[in-house]
Protein chains: 2
Amino acid sequence: MMDFLEEPIPGVGTYDDFNTIDWVREKSRDRDRHREITNKSKESTWALIHSVSDAFSGWLLMLLIGLLSGSLAGLIDISAHWMTDLKEGICTEGLWFNHEHCCWDSKYVTFEDKDKCPKWSSWSQLLISTDEGAFAYIVNYFMYVLWALLFAFLAVSLVKVFAPYACGSGIPEIKTILSGFIIRGYLGKWTLIIKTITLVLAVSSGLSLGKEGPLVHVACCCGNILCHCFNKYRKNEAKRREVLSAAAAAGVSVAFGAPIGGVLFSLEEVSYYFPLKTLWRSFFAALVAAFTLRSINPFGNSRLVLFYVEFHTPWHLFELVPFILLGIFGGLWGALFIRTNIAWCRKRKTTQLGKYPVIEVLVVTAITAILAFPNEYTRMSTSELISELFNDCGLLDSSKLCDYENRFNTSKGDELPDRPAGAGVYSAMWQLALTLIMKIVITIFTFGMKIPSGLFIPSMAVGAIAGRLLGVGMEQLAYYHHDWGIFNSWCSQGADCITPGLYAMVGAAACLGGVTRMTVSLVVIMFELTGGLEYIVPLMAAAMTSKWVADALGREGIYDAHIRLNGYPFLEAKEEFAHKTLAMDVMKPRRNDPLLTVLTQDSMTVEDVETIISETTYSGFPVVVSRESQRLVGFVLRRDLIISIENARKKQDGVVSTSIIYFTEHSPPMPPYTPHTLKLRNILDLSPFTVTDLTPMEIVVDIFRKLGLRQCLVTHNGRLLGIITKKDVLKHIAQMANQDPDSILFN
Amino acid sequence: MMDFLEEPIPGVGTYDDFNTIDWVREKSRDRDRHREITNKSKESTWALIHSVSDAFSGWLLMLLIGLLSGSLAGLIDISAHWMTDLKEGICTEGLWFNHEHCCWDSKYVTFEDKDKCPKWSSWSQLLISTDEGAFAYIVNYFMYVLWALLFAFLAVSLVKVFAPYACGSGIPEIKTILSGFIIRGYLGKWTLIIKTITLVLAVSSGLSLGKEGPLVHVACCCGNILCHCFNKYRKNEAKRREVLSAAAAAGVSVAFGAPIGGVLFSLEEVSYYFPLKTLWRSFFAALVAAFTLRSINPFGNSRLVLFYVEFHTPWHLFELVPFILLGIFGGLWGALFIRTNIAWCRKRKTTQLGKYPVIEVLVVTAITAILAFPNEYTRMSTSELISELFNDCGLLDSSKLCDYENRFNTSKGDELPDRPAGAGVYSAMWQLALTLIMKIVITIFTFGMKIPSGLFIPSMAVGAIAGRLLGVGMEQLAYYHHDWGIFNSWCSQGADCITPGLYAMVGAAACLGGVTRMTVSLVVIMFELTGGLEYIVPLMAAAMTSKWVADALGREGIYDAHIRLNGYPFLEAKEEFAHKTLAMDVMKPRRNDPLLTVLTQDSMTVEDVETIISETTYSGFPVVVSRESQRLVGFVLRRDLIISIENARKKQDGVVSTSIIYFTEHSPPMPPYTPHTLKLRNILDLSPFTVTDLTPMEIVVDIFRKLGLRQCLVTHNGRLLGIITKKDVLKHIAQMANQDPDSILFN
């Protein structure tokens, strides 16, 4: 009898949508592929070249990902800048200039005229030829809201019509995908195109959202699409996830200009399987992306980082107290935000609200725009606001935040000592307090709408405002009460003692930490922004406090909370499983269920198997020696079984319903004149994972996590007893945490 | 019958020296402990406080490790500085000042007298009251060699007499320990004390070695010793290894002043099991250590880093060519060094040479000192040399390396354009070339001697010299041929185009990368030295090239090579196992061996078991239902079995040689008047790991690595067939790599 099944059948070994991959199998397949190429490479020069190019294809892919995501980030930055300014006016000299470029040469003519710029026309100047008076203000106000609504409408419509996966930050889904789940199209080209366009629109609409999270999604889309150019990565789900981890690092790298922080973010927050080889490649991709972005130079200052800060004065030990206070604030805000945002998102999912995404976006945009225009700190883009808050006041700063008294009679160059606050600072404080309240409230309703939205920037803004308020407060306290023991011993009089910008930065780190529960990557990203090891200790103190406070109020970060809200099958690698249950408590069949459905190795007919397939929905079946002995031989996947039987019926002569299927090496002895047998050993997994029924679940969970299993068989004294799938594990974990176990199903 | 065995028997669950720990069991035990504390915490306030203090004990431990290792590093730095200078002279004003401190105030009197310092006396001034003439030179020469010999003799004698484990860099052994091996005393207090003292002596003796690797060992000793203060860590081998990983990070952090680089080094190079929680804690320990060191301020410049560099000019794209050349040099040097050093060390192990460590050290020291004194670049300490090579020449630099022509007629402040080299530079070049040759040769013989010796610094020195030579060459080329297309288009004439110091830094990274095969951590450490993202690309290009070149000539880094040389049972996590063997090819018993030794669950007597224990040397036995069925019940460790039987014979009435041992839940039915039975279920591991005989070895290796197993049982169709231990896996890997499999045994 010829063995038709020696060559692979198309479809065997692939996965359906919304299924979990088998990491062990994928990695084995890649090793087989690699072995084959290595063996062939000794045969001919061509094969050798193929082998070398295969080895370097990973690096080439990283280079391409870096270039593409860096370019896209540059494009997004430039467009978002221009469109954000479009809400306020246009450049008469060239429509394609944003406000800053338009006023480039007129900026530094004289110090007083610094903010005037004849080439830039506000909408009132254009429409009613004046910039003064109440009517002009109303025209500008109206135009501002109008543009915001237009951008938001475009964004939500595009998302709704072309790529529903383009909404949100994408990080919860990317975490799930990287852990081994398959969501087709989530990282596809339509998602990429629509997400890029709508991200610009959403940012420009002035909503309280950032582009940082979505940039990770964009970079992952780039990675996934570029994978299609390389056989090695196209066909292997595990290898592709290595690339996606690196792409996520590149995404954060361009979002903040922090390549090392990006790699650590990918390692700490996003990735599931992160071998050291990937670490090195991620680093490469992140660097290429960062330098591509820098050569595009979207901020016009040839700086790599989004918020470049340089502080001149050291911090003092007593300042750890306010820094820790900021940490507590950040933790509280994080916990509050997660709870309320999840409650609101749950409401959206379960009520009528979810059916009108366009109206929801327009209403939130309208409210945001109407509230934002009158206050200059809400009107400017959030990243500009953060940048201004981080800034240490120099001698020439015209910002209201730097309006201190006696600002010009100093002899010490650019460094300014602590001074009493002027009227500008006081009014800025009030405006900032209002901004803080507005940001806190509106962000809760914004994150989760059907538009691309990240929350790094809004969280940082909340923290930066709180930090700056506290910083200015401390500064004034130190100025007016410099005789107090604590200030007396640390600050010399007339010196620059407190840096409010540093407080803003620490506050930003604390709030971001409270929401995302990042730790090392957060501190490293912030460190890369300032570039001085000096300020790591304050940042670390705030980040640690914030994480502890937030963890005490709720264990999950925002991404994990959204993963759970959406019911993605994600097995958290950070949490220890702390309960004392055994494998037998979790396995199927339960005590009163019918027996486990098994196949026998050489006694079932095609028809028997087809009946079992049609009567059950299990995604795989254990194969045993005989029903009586229940001794395990292997495991076969439903999908592979269906494809193989179909294929055999079509192509293999004599395979009929009464044909015996056998999984053994040799065909079982048959009486004469029986139909042809069907050998299916090649689709049988001969090394299924087994545990005993008395294995503690903590070990089972550990095995699932570390080896990336889909299922595991349970035996007792050598006899097959049951099966545990990843879904069973997830359900059990949810049950133990007193959650509804049925929420752990993708819906 | 009373069950005496419900309470734990002392000794059960601990390990013998030179044994491998079972990670799964250790982690389970910690989870049990944690569960118990959490459950109790609800009962009383005291238990709650205990629970909270238990949770924070990890952080407290990290703080203590940071403080202690930072202080020790400061102490070592200060002492080594002072003793290094002692070889040349003493400070007459105060014996405890080193050269730099002694000449602190007289240093900047006038530019010309800068190097003269009346308070510092060379030995010739002290002994024969003059510093001029040949005789004075000989006196100084003699004293230099004498001190060197004295220091080296003290170092090697102390190591030999008090703590033989204090020799070498310690990193190979720490890697092995972290992977789960037990070497008692390797991280003990004697090792700590002796290593700290002898490290100072070894560095001061002028040998070609560094203190960076040994500092990691010192920090790990601190970590291990401090673990004894905390129950949580003292009793659990897995938890203790988490602490040691963090301590290794603190070690590198103080060695280079690079906390982030230290954490990544621990993650990439040293650690085996590195959960994210450890990442965050390592980072904390590394920071505390770095700041402790900084507040001790051993370099007197309140800089955190060992080699602080600030470059003023950007690099140009065409410079990537020399940078890649440096990478190739680094790779070649790395491969050459590893080969020759391993060959020499093997010779030392196998011939008479190894029996005279003191003489060997004295001979190498004498040769080093005699060759070093005449050349100023070998006479200075290696870290000073590197510091000088990294340095970008400023206007006031008096170093010979900065002796360019026209050095004073520049109008551009501190920035100097490219200039023709003066006589000083040319003579420095010759001296550096000689230094390069000497360092290359002598380091091969130095690393591996019976004194503490790291090779970060010597490797970096080799690279820095090569880099500086190439850098100066490029600079002169650019100056004399500025009309060449390549220079013409990139460098404007009269500008500072090439920075030789940057070349030195890139060369240092390349050589260090070639020897250790570090990647991300290397680049991050170097980045933390310069503090500018600007120079990451050159560093990365060189590190990548160097790793590729070195890997092409030999897969192993120096630490892995030494692990193999010493036959430590270390299962490399980075290398993929690429062969197509199956579990049945590796398991014991082999085809013609006697059957697997098993215990039955309820039919063997104490005597039977004792016979098996005395006749075999296996460290554990599978327990089966019956010999006929070979159905697996569990696994029991030899050590636990011996302790339990001994204990039962002593304390349990009626247990005699003919007593039946049973591992089942209930005692088997017994005829009347038989002796008491002995229940040993509590020492039985009821969840042994099993794989089928057809499981590919690549998967088995993966399981061993990821779960940290000691052994794994092999089944066929549900029947027990054999066993694979970690040693079998290591032997098999060695066999597949055509190495002697019997070298994989600790000796």
Side-chain angles (χ1 to χ4, degrees), chain A residues 24 27-28 31 34-35 38 259-260 263 267-268 275-277 279-280 283-284 287 290-291 304 519-520 523-524 527-528 531-533 536-537 540 544 573-574 576 578 580 583 625 629-634 686-692 694-696 698-699 702-703 706-707 715 717-720, chain B residues 24 27-28 31 34-35 38 259-260 263 267-268 275-277 279-280 283-284 287 290-291 304 519-520 523-524 527-528 531-533 536-537 540 544 573-574 576 578 580 583 625 629-634 686-692 694-696 698-699 702-703 706-707 715 717-720:
Chain A
V24 178
K27 278 187 270 173
S28 281
R31 265 172 289 199
H34 185 248
R35 203 152 31 216
T38 318
I260 302 172
V263 174
L267 171 69
E268 188 187 357
L276 280 171
K277 218 180 185 179
L279 189 71
W280 187 215
F283 192 53
F284 178 69
L287 261 184
F291 277 87
L304 197 56
T519 53
V520 183
V523 175
V524 173
F527 155 71
E528 286 188 82
L533 274 176
I536 279 196
V537 173
M540 188 148 182
M544 262 165 78
K574 281 177 220 162
E576 295 263 334
K580 225 180 154 53
V625 174
S629 74
Q630 289 286 340
R631 277 165 38 206
L632 181 68
V633 176
L686 288 162
S687 51
F689 282 87
T690 56
V691 293
T692 65
L694 293 172
T695 308
E698 54 192 35
I699 294 181
D702 226 38
I703 298 176
K706 289 204 177 135
L707 303 176
T715 60
N717 289 3
R719 287 209 172 107
L720 181 64
Chain B
V24 178
K27 278 186 271 170
S28 280
R31 264 172 290 199
H34 186 249
R35 208 156 21 220
T38 318
I260 303 173
V263 174
L267 171 68
E268 187 185 359
L276 279 171
K277 219 179 180 181
L279 189 71
W280 188 214
F283 192 51
F284 179 68
L287 262 183
F291 277 86
L304 198 55
T519 52
V520 182
V523 176
V524 172
F527 154 69
E528 286 188 81
L533 274 175
I536 279 196
V537 173
M540 192 152 178
M544 263 164 78
K574 282 177 219 162
E576 296 262 334
K580 224 177 155 52
V625 174
S629 74
Q630 289 285 335
R631 278 162 39 204
L632 181 69
V633 176
L686 288 162
S687 51
F689 282 87
T690 56
V691 293
T692 66
L694 292 171
T695 308
E698 55 193 34
I699 293 181
D702 226 37
I703 298 176
K706 289 202 177 138
L707 302 177
T715 60
N717 289 3
R719 286 210 173 107
L720 181 65

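Letters A, B, ... are given to chains in the order of the sequence lines, protein chains preceding strands, and every chain is numbered from 1.
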What part of [X] gets within 4.5 angstrom of chain A, counting heavy atoms only: side chain, backbone, both, or neither?
X	result
B/Ile260	side chain
B/Val520	both
B/Phe284	both

- Query: Can you find a heavy atom in the side chain of A/Glu268 that is under 4.5 Å from one in the side chain of B/Trp280?
  - Reply: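 No, every pair of side-chain atoms sits at 4.5 Å or beyond.
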Of all of [options], which one pairs up most often with chain B through heavy atoms under 4.5 Å apart?
options	answer
A/Ser629, A/Pro688, A/Ser28	A/Ser28
A/Ala583, A/Pro275, A/Ala578, A/Pro696	A/Ala578
A/Val625, A/Val523, A/Asn717, A/Thr692	A/Asn717

- Query: Which residues satisfy the side-chain hydrogen bond (donor to acceptor under 3.5 Å, both in side chains) test with A/Thr715, sequence neighbours excluded?
  - Reply: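 With sequence neighbours excluded, A/Thr715 shows a side-chain hydrogen bond (donor to acceptor under 3.5 Å, both in side chains) to no residue whatsoever.
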- Who pairs with A/Lys277 by side-chain hydrogen bond (donor to acceptor under 3.5 Å, both in side chains), at least two apart in sequence or on another chain? none
- Item | Rounded distance [0.5 Å steps], CZ in B/Phe283 versus CE in A/Met544 | 11.0 Å
- Note on the structure: Between the CG atom in A/Leu694 and the CD1 atom in A/Ile699, the distance rounded to the nearest 0.5 Å is 11.5 Å
- Kindly say whether B/Gly718 contributes a backbone atom to a donor-acceptor pair with the side chain of B/Arg631 at under 3.5 angstrom? no
- Message: Closer than 3.5 angstrom, by distance alone: can the side chain of A/Thr695 be matched with the main-chain N or O of B/Ser687 as a donor-acceptor pair?
- Response: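 No, A/Thr695 side chain to B/Ser687 backbone: no donor-acceptor pair under 3.5 Å.
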With respect to chain A, which residue among [options] yields the maximal number of heavy-atom pairs within a distance under 4.5 Å?
options	value
B/Glu698, B/Lys706, B/Gln630, B/Lys27	B/Glu698
B/Leu686, B/Leu287, B/Leu276, B/Thr519	B/Thr519
B/Leu720, B/Ile703, B/Val24	B/Ile703
B/Val633, B/Val263, B/Thr38, B/Leu632	B/Leu632

- Relative to chain B, which segment of A/Leu267 carries a heavy atom at a distance below 4.5 Å: side chain, backbone, both, or neither? both
